[in-house]
Amino acid sequence: MASLPDPAQPRITAGTREDVPEMMAMIKELAEYENALDQVQATEQSLVRTLTLAGSHGHTNPGYAKTLILRLPVKPNHPDDKPEGAAAMALYFYNYSTWRSKPGIYLEDLFVRPAYRQRGYGRMLLQELAREVVRIDGGRLEWSCLKDNTPSLDFYRSLGAKEMENWVQLRVDGRQLERLALGKTEALQTGARNEHTGQVLEVKDRPGEDTRWISGSY
Amino acid sequence: MAEINTSSYTIRYATSADVPVILQLIQELASYEKALHEVLATEQSLRATLSFPEASAPGGFTRGYAKTLLILPNNTSSTSTSSEGVASSSTNNAGATAAAEDKVEDKVEVAGMALFFHNYSTWTSAPGIYLEDLFVRPAYRGTGFGGALIQALARECVSLGCKRLDWSVLKWNEPSIKFYEGGNIGAKRMDEWMGMRVDGERLEDLARKGLGEA
(Lines give C-alpha, C1' and ligand atoms only; values in the text may rest on other atoms or scores of the structure.)
Protein backbone atom coordinates (compact mmCIF):
# COMPACT_ATOMS: atom_id res chain seq x y z
CA MET A 1 0.00 0.00 0.00
CA ALA A 2 1.26 3.57 -0.71
CA SER A 3 2.65 5.28 2.35
CA LEU A 4 1.08 8.66 1.56
CA PRO A 5 -2.32 9.04 -0.07
CA ASP A 6 -2.36 10.92 -3.37
CA PRO A 7 -4.20 14.22 -2.72
CA ALA A 8 -5.70 14.09 -6.21
CA GLN A 9 -7.29 10.68 -5.58
CA PRO A 10 -10.39 9.78 -3.55
CA ARG A 11 -9.74 7.94 -0.29
CA ILE A 12 -11.53 4.91 1.09
CA THR A 13 -11.51 4.44 4.86
CA ALA A 14 -13.36 2.33 7.40
CA GLY A 15 -16.34 4.27 8.74
CA THR A 16 -15.77 5.95 12.10
CA ARG A 17 -18.14 7.46 14.62
CA GLU A 18 -17.43 10.84 13.07
CA ASP A 19 -18.66 9.51 9.70
CA VAL A 20 -22.03 8.45 11.10
CA PRO A 21 -23.90 11.69 10.24
CA GLU A 22 -22.76 11.41 6.62
CA MET A 23 -23.69 7.71 6.56
CA MET A 24 -27.15 8.55 7.87
CA ALA A 25 -27.54 11.20 5.17
CA MET A 26 -26.50 8.77 2.42
CA ILE A 27 -28.80 6.04 3.73
CA LYS A 28 -31.72 8.49 3.58
CA GLU A 29 -30.71 9.67 0.10
CA LEU A 30 -30.67 6.09 -1.15
CA ALA A 31 -34.10 5.46 0.40
CA GLU A 32 -35.47 8.65 -1.09
CA TYR A 33 -34.14 7.61 -4.50
CA GLU A 34 -36.09 4.34 -4.10
CA ASN A 35 -39.22 6.19 -2.92
CA ALA A 36 -38.96 4.47 0.43
CA LEU A 37 -37.82 7.21 2.80
CA ASP A 38 -40.64 6.32 5.23
CA GLN A 39 -39.15 2.86 5.66
CA VAL A 40 -35.95 4.19 7.17
CA GLN A 41 -36.16 3.63 10.90
CA ALA A 42 -32.43 3.99 11.41
CA THR A 43 -31.08 6.97 13.32
CA GLU A 44 -27.53 8.11 14.03
CA GLN A 45 -27.92 6.53 17.47
CA SER A 46 -29.08 3.18 16.13
CA LEU A 47 -26.20 3.13 13.64
CA VAL A 48 -23.68 3.83 16.39
CA ARG A 49 -25.24 1.06 18.46
CA THR A 50 -25.31 -1.61 15.76
CA LEU A 51 -22.36 -0.95 13.44
CA THR A 52 -18.73 -1.86 13.95
CA LEU A 53 -17.00 1.50 13.72
CA ALA A 54 -13.27 2.21 13.51
CA GLY A 55 -12.33 4.18 16.60
CA SER A 56 -10.26 7.33 16.58
CA HIS A 57 -7.99 5.62 19.11
CA GLY A 58 -7.65 2.52 16.96
CA HIS A 59 -10.21 0.31 18.69
CA THR A 60 -13.55 -0.75 17.29
CA ASN A 61 -16.86 -1.23 19.06
CA PRO A 62 -18.31 -4.62 18.14
CA GLY A 63 -21.38 -4.47 15.94
CA TYR A 64 -23.16 -6.40 13.23
CA ALA A 65 -21.83 -4.70 10.09
CA LYS A 66 -18.93 -2.56 8.90
CA THR A 67 -18.77 0.37 6.52
CA LEU A 68 -16.39 1.88 4.01
CA ILE A 69 -16.60 5.58 3.23
CA LEU A 70 -15.20 7.01 -0.01
CA ARG A 71 -14.20 10.64 0.31
CA LEU A 72 -13.41 13.08 -2.49
CA PRO A 73 -9.78 14.08 -3.04
CA VAL A 74 -8.07 16.58 -0.76
CA LYS A 75 -7.32 18.47 -3.99
CA PRO A 76 -10.36 17.78 -6.17
CA ASN A 77 -10.21 17.99 -9.97
CA HIS A 78 -13.85 18.97 -10.26
CA PRO A 79 -14.45 22.62 -9.29
CA ASP A 80 -17.74 21.88 -7.52
CA ASP A 81 -16.30 19.09 -5.38
CA LYS A 82 -15.95 19.74 -1.67
CA PRO A 83 -12.48 18.55 -0.60
CA GLU A 84 -12.76 15.27 1.31
CA GLY A 85 -16.53 15.34 1.02
CA ALA A 86 -18.28 11.98 1.50
CA ALA A 87 -19.18 10.71 -1.95
CA ALA A 88 -20.01 7.03 -1.53
CA MET A 89 -20.32 4.24 0.99
CA ALA A 90 -20.48 0.47 1.29
CA LEU A 91 -22.07 -1.40 4.19
CA TYR A 92 -21.17 -5.06 4.64
CA PHE A 93 -20.88 -7.98 7.04
CA TYR A 94 -18.98 -11.24 7.16
CA ASN A 95 -20.65 -14.43 5.98
CA TYR A 96 -19.42 -18.02 6.05
CA SER A 97 -18.99 -20.92 3.66
CA THR A 98 -19.19 -24.18 5.55
CA TRP A 99 -17.62 -26.53 3.02
CA ARG A 100 -14.48 -24.43 2.85
CA SER A 101 -14.81 -23.21 6.46
CA LYS A 102 -13.94 -19.76 5.14
CA PRO A 103 -15.48 -16.37 5.80
CA GLY A 104 -16.58 -14.07 3.02
CA ILE A 105 -18.12 -10.64 2.68
CA TYR A 106 -21.76 -9.91 1.95
CA LEU A 107 -22.27 -6.41 0.62
CA GLU A 108 -25.59 -5.14 1.95
CA ASP A 109 -25.54 -1.56 0.63
CA LEU A 110 -23.54 0.20 -2.07
CA PHE A 111 -24.36 3.86 -2.67
CA VAL A 112 -22.70 6.56 -4.73
CA ARG A 113 -24.18 10.04 -4.41
CA PRO A 114 -25.71 11.01 -7.78
CA ALA A 115 -23.41 14.03 -8.17
CA TYR A 116 -20.37 11.75 -8.18
CA ARG A 117 -21.53 8.91 -10.41
CA GLN A 118 -19.68 7.72 -13.52
CA ARG A 119 -16.31 8.25 -11.83
CA GLY A 120 -15.68 4.61 -10.98
CA TYR A 121 -16.35 5.08 -7.25
CA GLY A 122 -18.64 2.05 -7.05
CA ARG A 123 -15.99 -0.09 -8.70
CA MET A 124 -13.35 1.24 -6.29
CA LEU A 125 -15.45 0.25 -3.30
CA LEU A 126 -16.00 -3.25 -4.70
CA GLN A 127 -12.27 -3.59 -5.31
CA GLU A 128 -11.54 -2.56 -1.74
CA LEU A 129 -14.04 -5.15 -0.50
CA ALA A 130 -12.39 -7.81 -2.68
CA ARG A 131 -9.07 -6.92 -1.03
CA GLU A 132 -10.69 -7.24 2.39
CA VAL A 133 -11.92 -10.73 1.50
CA VAL A 134 -8.38 -11.71 0.54
CA ARG A 135 -7.06 -10.08 3.73
CA ILE A 136 -9.27 -12.24 5.96
CA ASP A 137 -8.36 -15.37 3.97
CA GLY A 138 -11.93 -15.44 2.74
CA GLY A 139 -13.39 -17.06 -0.36
CA ARG A 140 -16.28 -14.93 -1.64
CA LEU A 141 -17.65 -11.46 -2.16
CA GLU A 142 -21.44 -11.57 -2.47
CA TRP A 143 -24.41 -9.27 -2.78
CA SER A 144 -27.89 -9.15 -4.31
CA CYS A 145 -29.28 -7.20 -7.25
CA LEU A 146 -32.84 -6.70 -8.49
CA LYS A 147 -33.36 -8.97 -11.49
CA ASP A 148 -34.74 -6.18 -13.68
CA ASN A 149 -31.83 -3.85 -12.97
CA THR A 150 -30.04 -4.66 -16.23
CA PRO A 151 -27.49 -1.82 -16.11
CA SER A 152 -26.33 -2.91 -12.66
CA LEU A 153 -26.24 -6.57 -13.65
CA ASP A 154 -24.10 -5.69 -16.68
CA PHE A 155 -21.77 -3.62 -14.50
CA TYR A 156 -21.40 -6.42 -11.96
CA ARG A 157 -20.72 -8.98 -14.68
CA SER A 158 -17.97 -6.74 -16.02
CA LEU A 159 -16.30 -7.00 -12.62
CA GLY A 160 -16.32 -10.79 -12.79
CA ALA A 161 -19.45 -11.47 -10.75
CA LYS A 162 -21.61 -14.46 -11.61
CA GLU A 163 -25.33 -14.74 -11.05
CA MET A 164 -26.52 -17.40 -8.62
CA GLU A 165 -29.34 -18.42 -10.92
CA ASN A 166 -30.13 -21.73 -9.27
CA TRP A 167 -30.91 -20.24 -5.88
CA VAL A 168 -33.83 -18.37 -4.43
CA GLN A 169 -33.73 -16.62 -1.09
CA LEU A 170 -36.36 -17.24 1.56
CA ARG A 171 -37.27 -14.92 4.41
CA VAL A 172 -39.37 -14.99 7.55
CA ASP A 173 -39.95 -11.58 9.14
CA GLY A 174 -42.51 -9.43 10.88
CA ARG A 175 -45.40 -11.12 12.61
CA GLN A 176 -44.67 -14.42 10.90
CA LEU A 177 -41.27 -14.45 12.62
CA GLU A 178 -42.93 -13.88 16.00
CA ARG A 179 -45.48 -16.60 15.32
CA LEU A 180 -42.74 -19.01 14.35
CA ALA A 181 -40.77 -18.12 17.50
CA LEU A 182 -43.79 -18.65 19.74
CA GLY A 183 -44.80 -21.87 18.06
CA LYS A 184 -48.03 -22.60 16.27
CA THR A 185 -49.31 -25.54 18.27
CA GLU A 186 -53.03 -26.08 18.79
CA ALA A 187 -52.48 -25.43 22.48
CA LEU A 188 -51.20 -21.94 21.82
CA GLN A 189 -53.93 -21.12 19.35
CA THR A 190 -56.71 -21.97 21.79
CA GLY A 191 -55.31 -20.04 24.71
CA ALA A 192 -53.24 -22.53 26.67
CA ARG A 193 -51.61 -21.80 29.98
CA ASN A 194 -47.86 -21.56 30.27
CA GLU A 195 -47.22 -24.60 32.42
CA HIS A 196 -44.30 -23.04 34.24
CA THR A 197 -45.48 -19.53 34.96
CA GLY A 198 -49.21 -20.20 35.00
CA GLN A 199 -49.80 -17.25 32.72
CA VAL A 200 -52.54 -17.66 30.15
CA LEU A 201 -51.34 -17.14 26.61
CA GLU A 202 -53.91 -14.92 24.98
CA VAL A 203 -55.00 -15.27 21.42
CA LYS A 204 -56.46 -12.13 19.94
CA ASP A 205 -58.19 -11.84 16.62
CA ARG A 206 -57.52 -8.63 14.77
CA PRO A 207 -60.57 -7.47 12.84
CA GLY A 208 -60.11 -7.71 9.11
CA GLU A 209 -57.22 -10.17 9.27
CA ASP A 210 -57.36 -13.87 8.74
CA THR A 211 -54.32 -14.66 10.86
CA ARG A 212 -54.33 -14.93 14.61
CA TRP A 213 -52.23 -12.66 16.77
CA ILE A 214 -50.60 -14.53 19.60
CA SER A 215 -49.31 -12.69 22.63
CA GLY A 216 -48.06 -13.61 26.05
CA SER A 217 -44.64 -14.34 27.39
CA TYR A 218 -42.93 -17.54 26.51
CA MET B 1 -33.30 -18.31 23.44
CA ALA B 2 -32.51 -20.94 20.85
CA GLU B 3 -31.62 -23.65 23.37
CA ILE B 4 -34.50 -25.81 24.50
CA ASN B 5 -35.22 -29.17 26.07
CA THR B 6 -38.50 -30.85 25.16
CA SER B 7 -39.74 -34.36 25.64
CA SER B 8 -38.62 -35.36 22.15
CA TYR B 9 -35.46 -33.32 21.52
CA THR B 10 -32.80 -31.05 22.91
CA ILE B 11 -31.37 -28.12 20.99
CA ARG B 12 -28.13 -26.60 22.22
CA TYR B 13 -25.20 -24.65 20.89
CA ALA B 14 -22.22 -26.69 19.71
CA THR B 15 -19.02 -26.23 21.68
CA SER B 16 -15.50 -26.72 20.35
CA ALA B 17 -15.71 -30.29 21.66
CA ASP B 18 -18.47 -30.92 19.10
CA VAL B 19 -16.28 -29.99 16.13
CA PRO B 20 -15.69 -33.64 15.10
CA VAL B 21 -19.46 -34.16 14.90
CA ILE B 22 -19.95 -30.91 13.00
CA LEU B 23 -17.41 -32.03 10.43
CA GLN B 24 -19.13 -35.41 10.12
CA LEU B 25 -22.49 -33.72 9.53
CA ILE B 26 -20.95 -31.41 6.92
CA GLN B 27 -19.42 -34.41 5.13
CA GLU B 28 -22.69 -36.36 5.30
CA LEU B 29 -24.57 -33.46 3.77
CA ALA B 30 -21.96 -33.08 1.02
CA SER B 31 -21.96 -36.83 0.40
CA TYR B 32 -25.75 -36.78 0.10
CA GLU B 33 -25.35 -34.07 -2.57
CA LYS B 34 -22.62 -36.13 -4.30
CA ALA B 35 -20.09 -33.41 -3.56
CA LEU B 36 -17.97 -34.85 -0.76
CA HIS B 37 -14.77 -33.92 -2.60
CA GLU B 38 -15.75 -30.25 -2.32
CA VAL B 39 -15.50 -30.25 1.45
CA LEU B 40 -12.20 -28.65 2.34
CA ALA B 41 -13.06 -28.03 5.98
CA THR B 42 -11.07 -29.87 8.63
CA GLU B 43 -11.53 -30.08 12.39
CA GLN B 44 -8.76 -27.51 12.73
CA SER B 45 -10.24 -25.04 10.24
CA LEU B 46 -13.68 -25.34 11.82
CA ARG B 47 -12.29 -24.78 15.29
CA ALA B 48 -10.48 -21.68 14.00
CA THR B 49 -13.45 -20.10 12.25
CA LEU B 50 -16.60 -21.03 14.18
CA SER B 51 -17.97 -19.31 17.26
CA PHE B 52 -18.71 -21.31 20.43
CA PRO B 53 -20.40 -20.46 23.71
CA GLU B 54 -18.01 -19.24 26.37
CA ALA B 55 -19.34 -17.62 29.51
CA SER B 56 -16.37 -15.30 30.01
CA ALA B 57 -16.25 -14.05 26.39
CA PRO B 58 -17.98 -10.80 25.31
CA GLY B 59 -21.53 -11.62 24.30
CA GLY B 60 -21.08 -15.12 25.73
CA PHE B 61 -19.46 -16.45 22.55
CA THR B 62 -15.91 -16.80 21.28
CA ARG B 63 -14.95 -14.80 18.18
CA GLY B 64 -15.89 -16.59 14.99
CA TYR B 65 -17.79 -16.25 11.76
CA ALA B 66 -20.71 -18.58 12.42
CA LYS B 67 -22.52 -20.40 15.25
CA THR B 68 -23.88 -23.93 15.24
CA LEU B 69 -26.99 -25.34 16.87
CA LEU B 70 -27.23 -29.10 17.36
CA ILE B 71 -30.42 -31.11 17.83
CA LEU B 72 -30.34 -34.37 19.75
CA PRO B 73 -33.23 -36.81 20.25
CA ASN B 74 -34.49 -37.30 23.81
CA ASN B 75 -35.32 -40.99 23.74
CA THR B 76 -35.00 -41.39 27.47
CA SER B 77 -37.93 -39.10 28.31
CA SER B 78 -40.37 -40.18 31.02
CA THR B 79 -43.30 -39.25 28.78
CA SER B 80 -42.27 -41.75 26.16
CA THR B 81 -45.82 -42.74 25.31
CA SER B 82 -46.79 -39.18 24.41
CA SER B 83 -47.73 -38.69 20.76
CA GLU B 84 -46.52 -35.10 20.69
CA GLY B 85 -43.58 -34.06 18.60
CA VAL B 86 -44.02 -36.75 16.00
CA ALA B 87 -44.86 -34.80 12.87
CA SER B 88 -45.12 -31.18 13.87
CA SER B 89 -42.19 -28.84 14.18
CA SER B 90 -43.88 -27.06 17.07
CA THR B 91 -43.37 -29.59 19.81
CA ASN B 92 -41.92 -27.27 22.42
CA ASN B 93 -44.45 -26.75 25.17
CA ALA B 94 -44.35 -23.22 26.42
CA GLY B 95 -41.96 -22.71 29.30
CA ALA B 96 -39.59 -25.58 28.58
CA THR B 97 -36.27 -24.88 30.20
CA ALA B 98 -32.81 -24.84 28.67
CA ALA B 99 -30.83 -28.04 28.17
CA ALA B 100 -29.38 -29.64 31.29
CA GLU B 101 -25.61 -29.56 31.58
CA ASP B 102 -25.11 -33.24 32.40
CA LYS B 103 -23.39 -35.02 29.54
CA VAL B 104 -26.44 -36.66 27.99
CA GLU B 105 -24.99 -35.74 24.64
CA ASP B 106 -22.08 -38.11 25.14
CA LYS B 107 -24.45 -41.06 24.90
CA VAL B 108 -26.89 -39.67 22.38
CA GLU B 109 -26.16 -39.30 18.69
CA VAL B 110 -26.55 -35.86 17.19
CA ALA B 111 -29.52 -35.83 14.83
CA GLY B 112 -28.84 -32.62 12.96
CA MET B 113 -27.51 -29.09 12.97
CA ALA B 114 -28.20 -25.52 11.90
CA LEU B 115 -25.18 -23.34 11.12
CA PHE B 116 -25.80 -19.60 10.91
CA PHE B 117 -24.37 -16.10 11.16
CA HIS B 118 -25.78 -12.63 11.64
CA ASN B 119 -26.71 -10.41 8.73
CA TYR B 120 -27.82 -6.78 8.89
CA SER B 121 -30.64 -4.61 7.62
CA THR B 122 -29.60 -0.99 7.19
CA TRP B 123 -33.00 0.67 7.14
CA THR B 124 -34.01 -0.89 10.44
CA SER B 125 -30.39 -0.93 11.68
CA ALA B 126 -31.13 -4.33 13.11
CA PRO B 127 -29.32 -7.64 12.81
CA GLY B 128 -30.94 -10.73 11.39
CA ILE B 129 -30.00 -14.38 11.14
CA TYR B 130 -28.83 -16.04 7.94
CA LEU B 131 -29.15 -19.81 8.05
CA GLU B 132 -26.24 -21.17 6.01
CA ASP B 133 -26.66 -24.92 6.58
CA LEU B 134 -29.59 -26.99 7.81
CA PHE B 135 -29.09 -30.74 7.94
CA VAL B 136 -30.98 -33.55 9.63
CA ARG B 137 -29.52 -37.05 9.35
CA PRO B 138 -31.71 -39.35 7.23
CA ALA B 139 -32.45 -41.60 10.20
CA TYR B 140 -34.17 -38.69 11.97
CA ARG B 141 -36.13 -37.24 9.08
CA GLY B 142 -39.89 -36.88 9.28
CA THR B 143 -39.93 -36.13 13.00
CA GLY B 144 -40.00 -32.34 12.77
CA PHE B 145 -36.35 -31.80 13.71
CA GLY B 146 -35.66 -29.48 10.75
CA GLY B 147 -38.62 -27.32 11.63
CA ALA B 148 -37.59 -27.35 15.29
CA LEU B 149 -34.16 -25.98 14.38
CA ILE B 150 -35.71 -23.24 12.25
CA GLN B 151 -38.05 -22.40 15.09
CA ALA B 152 -35.10 -22.24 17.50
CA LEU B 153 -33.50 -19.67 15.21
CA ALA B 154 -36.75 -17.69 15.15
CA ARG B 155 -36.70 -17.64 18.97
CA GLU B 156 -33.11 -16.44 18.87
CA CYS B 157 -34.17 -13.68 16.47
CA VAL B 158 -36.88 -12.49 18.82
CA SER B 159 -34.65 -12.59 21.89
CA LEU B 160 -31.82 -10.68 20.15
CA GLY B 161 -34.07 -8.16 18.44
CA CYS B 162 -33.32 -9.57 15.00
CA LYS B 163 -35.87 -8.63 12.38
CA ARG B 164 -35.25 -11.30 9.74
CA LEU B 165 -34.54 -14.98 9.34
CA ASP B 166 -33.08 -15.66 5.90
CA TRP B 167 -31.78 -18.65 4.00
CA SER B 168 -31.43 -19.87 0.42
CA VAL B 169 -32.73 -22.94 -1.35
CA LEU B 170 -32.13 -24.48 -4.77
CA LYS B 171 -34.94 -23.48 -7.12
CA TRP B 172 -35.79 -27.03 -8.15
CA ASN B 173 -36.06 -28.24 -4.59
CA GLU B 174 -39.86 -27.90 -4.69
CA PRO B 175 -40.61 -30.16 -1.69
CA SER B 176 -38.34 -28.07 0.54
CA ILE B 177 -39.73 -24.79 -0.79
CA LYS B 178 -43.30 -25.99 -0.17
CA PHE B 179 -42.36 -26.94 3.39
CA TYR B 180 -40.71 -23.58 4.06
CA GLU B 181 -43.60 -21.61 2.56
CA GLY B 182 -46.15 -23.70 4.47
CA GLY B 183 -48.09 -22.67 7.54
CA ASN B 184 -45.63 -23.96 10.11
CA ILE B 185 -42.80 -21.72 8.89
CA GLY B 186 -44.38 -19.14 6.60
CA ALA B 187 -41.33 -18.06 4.60
CA LYS B 188 -41.71 -15.88 1.54
CA ARG B 189 -39.65 -16.14 -1.64
CA MET B 190 -37.51 -13.11 -2.52
CA ASP B 191 -38.09 -13.79 -6.23
CA GLU B 192 -37.18 -10.34 -7.51
CA TRP B 193 -33.59 -10.59 -6.29
CA MET B 194 -30.57 -12.24 -7.91
CA GLY B 195 -27.60 -13.33 -5.82
CA MET B 196 -24.22 -12.17 -7.14
CA ARG B 197 -20.90 -13.76 -6.32
CA VAL B 198 -17.24 -13.12 -7.06
CA ASP B 199 -14.86 -15.89 -6.05
CA GLY B 200 -11.74 -17.77 -7.13
CA GLU B 201 -9.58 -16.13 -9.76
CA ARG B 202 -12.15 -13.42 -10.46
CA LEU B 203 -11.94 -12.38 -6.83
CA GLU B 204 -8.15 -12.20 -6.97
CA ASP B 205 -8.36 -10.19 -10.20
CA LEU B 206 -10.80 -7.74 -8.66
CA ALA B 207 -8.59 -7.37 -5.59
CA ARG B 208 -5.51 -6.72 -7.71
CA LYS B 209 -7.18 -4.21 -10.05
CA GLY B 210 -7.04 -0.58 -9.20
CA LEU B 211 -3.96 -0.74 -7.01
CA GLY B 212 -1.87 2.26 -8.01
CA GLU B 213 -4.35 3.25 -10.71
CA ALA B 214 -6.81 6.12 -10.94
Side-chain angles (χ1 to χ4, degrees), chain A residues 27 31 39-42 46-47 50 62 64-65 91 93-96 98-101 103 106 108-109 124 126-127 130-131 133-134 139-147 156 159-164 166-173 176-178 180-181 183-185 194-197 201 218, chain B residues 26 30 38-41 45-46 49 58 65-66 88 90 92-95 115 117-120 122-127 130 132-133 151 154-155 157-158 163-171 180 184-199 202-203 205-207 209-210:
Chain A
I27 288 167
Q39 290 182 41
V40 177
Q41 298 166 31
S46 71
L47 291 178
T50 55
Y64 291 103
L91 189 147
F93 50 84
Y94 297 113
N95 62 10
Y96 190 73
T98 319
W99 290 5
R100 302 162 183 217
S101 55
Y106 186 88
E108 176 69 20
D109 280 332
M124 284 181 205
L126 285 162
Q127 285 164 355
R131 282 192 281 278
V133 174
V134 172
R140 295 167 173 167
L141 173 58
E142 295 178 291
W143 64 97
S144 298
C145 184
L146 284 166
K147 280 177 184 166
Y156 296 141
L159 297 176
K162 58 191 178 198
E163 289 160 39
M164 309 299 294
N166 298 324
W167 297 85
V168 62
Q169 190 179 309
L170 298 173
R171 171 171 294 165
V172 184
D173 60 6
Q176 193 52 41
L177 184 60
E178 291 170 17
L180 180 59
K184 282 168 54 67
T185 60
N194 179 312
E195 60 187 324
H196 284 249
T197 67
L201 296 162
Y218 184 67
Chain B
I26 291 169
E38 291 188 32
V39 176
L40 304 177
S45 69
L46 289 173
T49 52
Y65 293 103
S88 164
S90 314
N92 50 304
N93 285 323
L115 192 145
F117 50 82
H118 285 293
N119 58 11
Y120 187 76
T122 315
W123 289 359
T124 56
S125 41
Y130 187 87
E132 174 68 22
D133 274 336
Q151 191 173 29
R155 277 198 302 278
C157 276
V158 170
K163 298 275 167 68
R164 298 168 172 170
L165 176 55
D166 291 339
W167 66 100
S168 299
V169 65
L170 284 163
K171 277 185 185 159
Y180 295 138
N184 273 345
I185 296 182
K188 57 192 181 195
R189 297 169 69 143
M190 312 292 290
D191 278 321
E192 65 276 21
W193 294 90
M194 175 70 78
M196 310 293 300
R197 175 183 294 170
V198 185
D199 60 5
R202 302 282 183 92
L203 179 67
D205 287 345
L206 188 60
K209 264 190 231 176

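Reminder, nothing fancy here: chain letters follow the sequence lines and each chain counts from 1.
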Engaged part of B/D205 at the chain A interface, taking heavy atoms whose separation is under 4.5 Å = neither
Heavy-atom distances under 4.5 Å only: say whether B/V169 touches chain A with side chain, backbone, both or neither.
-> both
Looking at A/L146, A/D173, A/V134, which makes the most heavy-atom pairs under 4.5 Å with chain B?
-> A/L146
Based on non-hydrogen pairs under 4.5 Å, which of A/I27, A/N95, A/L126 is most in contact with chain B?
-> A/N95
Proximal component of B/L115, with respect to chain A [non-hydrogen, under 4.5 Å] | side chain
Between A/W143, A/Y94, A/W167, which residue shows the highest count of heavy-atom pairs closer than 4.5 Å to chain B?
-> A/W167
Most contact-rich option vs chain B, by heavy-atom pairs under 4.5 angstrom, among A/S46, A/S144, A/G160, A/S101, is A/S101
Note: B/D166 and A/R171 closest approach over all heavy atoms is OD1-NE, 2.8 Å
With chain B, which of A/A161, A/A65, A/P103 has the greatest number of heavy-atom pairs at distances under 4.5 Å?
-> A/P103
Taking every heavy-atom pair that is under 4.5 Å apart, which of B/R197, B/M194, B/K163 has the most such pairs with chain A?
-> B/R197
Is it the backbone or the side chain of A/V168 that comes under 4.5 Å from a heavy atom of chain B, or both, or neither?
-> both
Among B/L46, B/V158, B/L40, B/L203, which residue forms the greatest number of heavy-atom pairs with chain A at distances under 4.5 Å?
-> B/L203
List in chain and number order the residues that pass side chain to side chain donor-acceptor pair (under 3.5 Å) with B/K171, two or more places apart in sequence or in another chain; answer none if no residue qualifies.
-> none
Exercise: identify the closest heavy-atom pair between A/A31 and A/V40 = CB-CG2, 3.3 Å
Quick one: are B/S125 and A/Y64 in side-chain contact, heavy atoms under 4.5 Å?
-> no
Salt bridge or not for A/K147 and B/E192, using N-O below 4.0 Å?
-> no
Return the minimal non-hydrogen interatomic distance between A/T98 and B/I26, and the atom names on each side.
-> CG2-CD1, 3.2 Å
Given a strict heavy-atom distance threshold of 4.5 Å, which part of A/E108 is in contact with chain B: side chain, backbone, both, or neither?
-> side chain
A/L159 versus chain B, heavy atoms under 4.5 Å apart: side chain, backbone, both or neither?
-> both
Out of A/R100, A/K162, A/Q41, which one racks up the most heavy-atom pairs below 4.5 Å with chain B?
-> A/K162
Heavy-atom closest contact (A/G139 atom, B/D199 atom, distance) | O-CB, 3.3 Å
For B/W123, which residues count as a ring-ring contact (aromatic ring centres under 6.0 Å, His included) partner, sequence neighbours excluded?
-> none
When the 4.5 angstrom heavy-atom criterion is applied to A/D109 and chain B, the contacting part is side chain
May I ask you to name which of B/M196, B/M190, B/R202 has the most heavy-atom pairs under 4.5 Å with chain A?
-> B/M196
Whether A/F93 and B/F117 hold their rings parallel, tilted or perpendicular, with breakpoints at 30° and 60° | tilted
State, yes or no, whether a side-chain contact exists between A/V133 and B/L206 at a heavy-atom distance under 4.5 Å.
-> no
